[in-house]
Amino acid sequence: MNSQVRGGKRAPTFLGVGPPKCATTWLDSVLRKHPDVFLPKDQKEVFFFDKFYDRGEQWYEDLFTGTEQYHAAGEISTSYILKSETLQRIHSYNPDLKIIIIFRNPVDRMISNYRMFVENGRTVLPFEEAIYDQEVILEYSRYAQLLSQVLEYFPPDQVLVGIYEEIFESPEHMKEFLQSLLGFMGVDSTNYDTYIETKRVRTTQGAPRSLWLVKKAKYVRSRLNRMDMEWLVRILRKVGIKRELFLKQAPPPAISTEFRAKLLVDFEADIRAVETFLSRPVPRWR
């Protein structure tokens with residue numbers, strides 16, 4: 001069995017490291033359906049290696065207790081890819097981990113990330129201003145830098161990169177990606193058709209009804225997380241309290257053709273970095 005054990009407990013064998021708005025919710029949903037894959041119950045993003053590192057390895061490993069019968073165990077946290085310090089912590093914890101990344105057209109990824117920032121009350125600026133005011137929106141699309149950081153700590157044969165637009169091009173492309181992913185993880189892929197999710201998971205995106213309410217909700221959520229009460233946060237999310245109480249529908253941001261073209265030129269080096277890693281072009285991004 002493809003097992004990693006630390007301190008007598010099952011440690012993760014894989015991590016999905018992001019970036020955000022690149023089908024990580026879909027990936028989490030699909031992997032949970034596989035009988036030989038374990039992810040922490042009702043918890044997509046653990047954020048141990050960055051936000052909650054002070055909780056210690058024991059807290060983290062407790063999330064994977066009793067998983068010895070699984071061929072693969074892991075978690076998906078979209079912020080892990082952003083900082084070299086986080087990736088160094090991951091490598092120090094387990095240098096043999098398999099790293100999973102899904103990249104998306106860098107401009108489309110930013111648009112979706114921007115909409116999430118609007119929804120969470122983190123910006124009220126138009127897109128063309130917000131991406132420079134909230135630089136992290138831009139940083140998550142700097143794929144050359146992100147990929148370089150990952151490869152500084154993990155060799156290419158421990159890193160799998162998927163392309164969002166190719167995965168969702170058709171059910172056949174999706175199945176092909178999942179077969180490749182499961183093989184990479186050391187998991188049987190012969191019956192993957194029985195649990196495959198052939199539609200992407202669409203997360204709600206809108207605009208806040210009240211910035212004051214959203215900020216109060218974020219404060220409460222942060223306090224609950226710090227008090228080890230993520231279970232309550234997950235329940236509130238499941239019942240749709242955010243959608244019903246805090247959000248209203250909002251159209252996608254208006255972006256001029258000229259500004260989009262300018263961004264794609266700016267991202268040319270990032271696109272080439274992904275193509276170099278894959279040893280092939282990604283025509284859907286051009």
### Query
How far does CG of L146 sit from OG of S84, to the nearest 0.5 angstrom?
11.0 Å
### Task
Determine, using the 4.5 Å side-chain heavy-atom cutoff (strictly less than), whether V136 and L125 are members of one ILVMFWY cluster.
no
### Message
Return the CD1 to CZ distance between I271 and F103, rounded to the nearest 0.5 Å.
### Response
12.0 Å
### Query
Judged by atom type as modelled, is there a donor-acceptor pair below 3.5 Å linking the side chain of Q145 to the main-chain atoms of E139?
no
### Query
Less than 4.0 Å between a side-chain N and a carboxylate O, is that true for D28 and K44?
no
### Query
Is the side chain of Q158 donor-acceptor paired with the backbone N or O of P95 at a distance under 3.5 Å, no angle test?
yes
### Task
Check V161 against L278 and note the closest heavy-atom contact, atom names and distance.
O-CD2, 3.8 Å
### Task
Test side-chain hydrogen bond (donor to acceptor under 3.5 Å, both in side chains) on N105 and R109 and set out the steps.
CA-CA 6 Å; N105 178 297; R109 197 217 62 79; over 6 Å; no
### Query
Is it true that R32 and E75 make a salt bridge, defined as a side-chain N closer than 4.0 Å to a carboxylate O?
no
### Side-chain (T276) to main-chain (R272) donor-acceptor, under 3.5 angstrom
yes
### pair L63-Q43: side-chain heavy atoms closer than 4.5 Å
yes
### Task
Determine, for Y140 and K21, whether the Lys NZ or Arg CZ falls below 6.0 Å from the six-membered ring centre while staying within 45 degrees of the axis.
no
### Message
Counting C-beta onward and ignoring hydrogens, is there a side-chain heavy-atom pair between I81 and I99 closer than 4.5 Å?
### Response
no
### N-O pairing of R115 and E119 below 4.0 Å
no
### Task
May I ask you to decide whether R89 forms a salt bridge with E85, counting only side-chain N to carboxylate O separations under 4.0 Å?
yes
### Plane angle bin for F48 and Y53 - parallel if under 30°, tilted between 30 and 60°, otherwise perpendicular
tilted
### Task
Would you mind listing every side chain to side chain donor-acceptor pair (under 3.5 Å) that reaches into residues 125-134, with sequence neighbours excluded?
none
### Message
Could you check whether any side-chain heavy atom of D108 comes within less than 4.5 Å of a side-chain heavy atom of R260, counting everything from C-beta outward?
### Response
yes
### Message
Please determine whether side chain to side chain contact (heavy atoms under 4.5 Å, CB included) holds for the pair I76 and V17, giving the CA-CA distance in whole Å, both sets of side-chain angles, and the decisive distance to 0.1 Å.
### Response
CA-CA 6 Å; I76 300 168; V17 298; over 6 Å; no
### Query
Can the ring centroids of Y60 and F49 be said to lie less than 6.0 angstrom from one another?
yes
### Validation row: I101, L160 side chains within 4.5 angstrom (heavy atoms)
no
### Message
Check whether Q179 reaches the backbone of S189 with its side chain - one donor and one acceptor, N or O, closer than 3.5 Å.
### Response
no
### Task
Check whether any side-chain N or O of S77 sits under 3.5 Å from a backbone N or O of F47 as a donor-acceptor pair, and report yes or no.
yes
### Close aromatic pair by centroid cut-off 6.0 Å: F127 and Y114
yes
### Task
Would you indicate whether the side-chain heavy atoms of T24 and I102 approach each other to under 4.5 Å?
no
### Message
Working to the nearest 0.5 angstrom, can you tell me the gap between L27 CG and T78 OG1?
### Response
12.0 Å
### Query
When you look at E268 and R286, which way does the salt bridge (Lys or Arg N to Asp or Glu O under 4.0 Å) test go after all the steps?
CA-CA 9 Å; E268 178 61 28; R286 297 180 182 280; 2.9 Å; yes
#### Entry: Closest heavy-atom pair and its distance - R55, W59
NH1-CZ2, 2.9 Å
### Under 3.5 Å: donor-acceptor pair, side chain of S92, backbone of Q88
yes
### Query
Is a donor on one side and an acceptor on the other found under 3.5 Å between the side chain of D36 and the backbone of V187?
no
### Query
Rounded to the nearest 0.5 Å, how far does CG of D270 lie from CG of L147?
10.0 Å
### Query
If we only count heavy atoms from C-beta on, is the F277 to V159 side-chain gap below 4.5 Å?
yes
#### Entry: A72 versus M185, closest heavy-atom pair with distance
CB-CE, 3.9 Å
#### Entry: Considering all heavy atoms, the nearest P12-G74 contact
CB-CA, 4.0 Å
### Task
For this output row, return yes or no: ring centroids of W285 and F267 closer than 6.0 angstrom.
no
### Query
For the side chain of H34 and the backbone of D188, is there at least one donor-acceptor N/O pair under 3.5 Å apart?
yes
### Query
At what distance, to the nearest 0.5 angstrom, does NE2 of H173 lie from CG of L178?
13.0 Å
#### Entry: Minimal non-hydrogen separation, A269 against A144, with atom names
O-CB, 4.1 Å
### Query
Heavy-atom distance under 4.5 Å between the side chains of I90 and L15, does that happen here?
yes
### Query
Between F38 and Y70, how do the two ring planes meet: parallel, tilted or perpendicular, split at 30° and 60°?
tilted
### From CZ (F14) to CG (D96), nearest 0.5 Å
15.5 Å
### Query
Can Y164 and E169 be counted as having a side-chain donor-acceptor contact under 3.5 angstrom?
no
### Task
Establish, yes or no, whether a centroid distance under 6.0 Å links the rings of H91 and F154.
yes
### Message
Assess, by modelled atom type and distance only, whether the side chains of S79 and D50 contain a donor and an acceptor separated by less than 3.5 Å.
### Response
yes
### Main-chain N/O of A73 paired to T13 side chain as donor or acceptor, under 3.5 Å
yes
### Task
Search all heavy atoms of F168 against all heavy atoms of A23 and return the closest pair with its distance.
CE1-CB, 3.6 Å
### Message
Do I163 and R280 have side chains that approach each other closer than 4.5 Å (heavy atoms only, starting at C-beta)?
### Response
yes
### Query
Side chain of S141, backbone of P106: donor and acceptor closer than 3.5 Å?
yes
